[in-house]
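Since the structure comes first, as structure tokens, the remarks are kept for the end.
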Amino acid sequence: MTAKMQKNFVLEVEGLTVSFDGFKAVNDFSFYVEEEEIRVIIGPNGAGKTTVLDLICGKTKATEGAIRFRGRDLTKMNEHTIVHTGVGRKFQNPSIYEDLTVFENLEISYPKGRSVIGALAFKRNKKVIEAVNDIAETIFLADCLDKTAGLLSHGQKQWLEIGMLLIQNPDLLMLDEPVAGMSVAERKQTADLLNRITKGRAVIVIEHDMQFVEDIAHRVTVMHQGKTLSEGSMDRVKNDPKVVEVYLGH
Ligand code: ADP
Ligand code: MG
């Protein structure tokens, strides 16, 4: 038995490769994420970080390799099924309903009311209201429930979108550059938020802000040219000469 088999991994990615017209954006990439772990993926632009998330959530199909989530092979599933198995993913730009209130945005994200029309027609039962209030508290928007989402600050919109994923209670949450464009204070709050939500779930975050990475990462994977350049604790990768050369030195 190898060391990695003894651990309790929620996600196992092995030999993952995707080829776009012969160019391997992700090239024989493997990584293993533990239960309740916050894993941060860093690396230069074009390293393949976003593509890895695209492959896990089924937006892009792998050319080769395996993606096992709690033992189930995600490469055989479509995006919708992957969401239903418990994988939530936030893209770089917030995709919230700007014309709806914060409350409504969270409400329509509640698992029973996925479509806008369905959700607004469906009765606001107590369970949904409780879940919305609970999540609003977590994402620092408890005082903004009646506010139109389009009027929120950029940082608040990012939190709202995280809330819209959290209300679906995913077992794996993936966030692509969640603090881009945020103030220093908002970044701290976001780190605090992520550190509070790992009970029963793993989180994968792509980020460039090293202070933020330091504040959240249990382990860091450094990608370069579609492969793992280095992996381990923040301290370890920070002092890895290869990482300094291709990434941190710039
Ligand atoms: P990162 O997120 O690390 O900055 P990406 O995963 O977005 O990098 O991109 C990795 C490489 O793959 C880039 O060279 C990008 O242009 C290319 N790429 C990503 N998606 C596609 C696609 N759908 N078709 C062709 N090339 C792509
Ligand atoms: Mg990217």
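Read the numbers this way: they start at 1 and go in the same order the structure lists the ligands and their atoms. Basis for what follows: all heavy atoms, side chains included, without hydrogens, waters or symmetry-related copies.
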Counting from 1, what ligand 1 atoms have a heavy atom of N45 closer than 4.0 Å?
4 (O)
Can you name the atoms of ligand 1, numbered from 1 with element, that are less than 4.0 Å from a heavy atom of A47?
1 (P), 3 (O), 8 (O)
Which protein non-hydrogen atom lies closest to [atom], naming both residue and atom, and how far is it?
atom: atom 23 (N) of ligand 1; answer: F20 CE2, 3.6 Å
atom: atom 12 (O) of ligand 1; answer: A25 CB, 3.2 Å
atom: atom 5 (P) of ligand 1; answer: T51 OG1, 3.6 Å
atom: atom 14 (O) of ligand 1; answer: F23 CE2, 3.6 Å
atom: atom 10 (C) of ligand 1; answer: G46 O, 3.4 Å

Test salt bridge (charged side-chain N to carboxylate O under 4.0 Å, His left out) applied to R89 and E79, step by step
CA-CA 11 Å; R89 188 256 176 102; E79 270 187 277; over 6 Å; no
Determine, counting only non-hydrogen atoms of the protein, whether one lies under 4.0 angstrom from atom 7 (O) of ligand 1.
yes
Can a protein heavy atom be found under 4.0 Å away from atom 19 (C) of ligand 1?
yes
Answer yes or no: are there more than 12 heavy-atom neighbours, outside E137 itself, under 6.0 Å from its atom CD?
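At most 12 heavy atoms, drawn from other residues, nucleotides or ligands, come within 6.0 Å of this atom.
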Can you establish whether the number of heavy atoms outside K238 located under 6.0 Å from its atom NZ is more than 12?
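Counting other residues, nucleotides and ligands, NZ of K238 exceeds 12 neighbours.
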For V102, is there any backbone N or O sitting under 3.5 Å from a side-chain donor or acceptor partner on K147?
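Checked: no pair found.
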Is any N, O or S atom of T50 under 2.8 Å away from the Mg ion (ligand 2)?
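Yes, T50 qualifies, because one of its backbone or side-chain N, O or S atoms lies under 2.8 Å.
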May I ask whether G48 has any heavy atom positioned less than 4.0 angstrom from an atom of ligand 1?
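Per 4.0 Å heavy-atom rule, G48 contacts ligand 1.
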Using a strict 4.0 Å threshold on nitrogen-to-oxygen distance, state whether [X] and [Y] make a salt bridge.
X: D176; Y: K90; result: no
X: D192; Y: R196; result: yes
X: E14; Y: R68; result: yes

Applying side chain to side chain contact (heavy atoms under 4.5 Å, CB included) between T60 and each of V52, V18, V26, report the one that passes.
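When V52, V18, V26 are each tested with T60, the side chain to side chain contact (heavy atoms under 4.5 Å, CB included) holds only for V18.
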Heavy-atom proximity to atom 3 (O) of ligand 1, best of K59, H224, K49
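Nearest heavy atom to atom 3 (O) of ligand 1 lies in K49.
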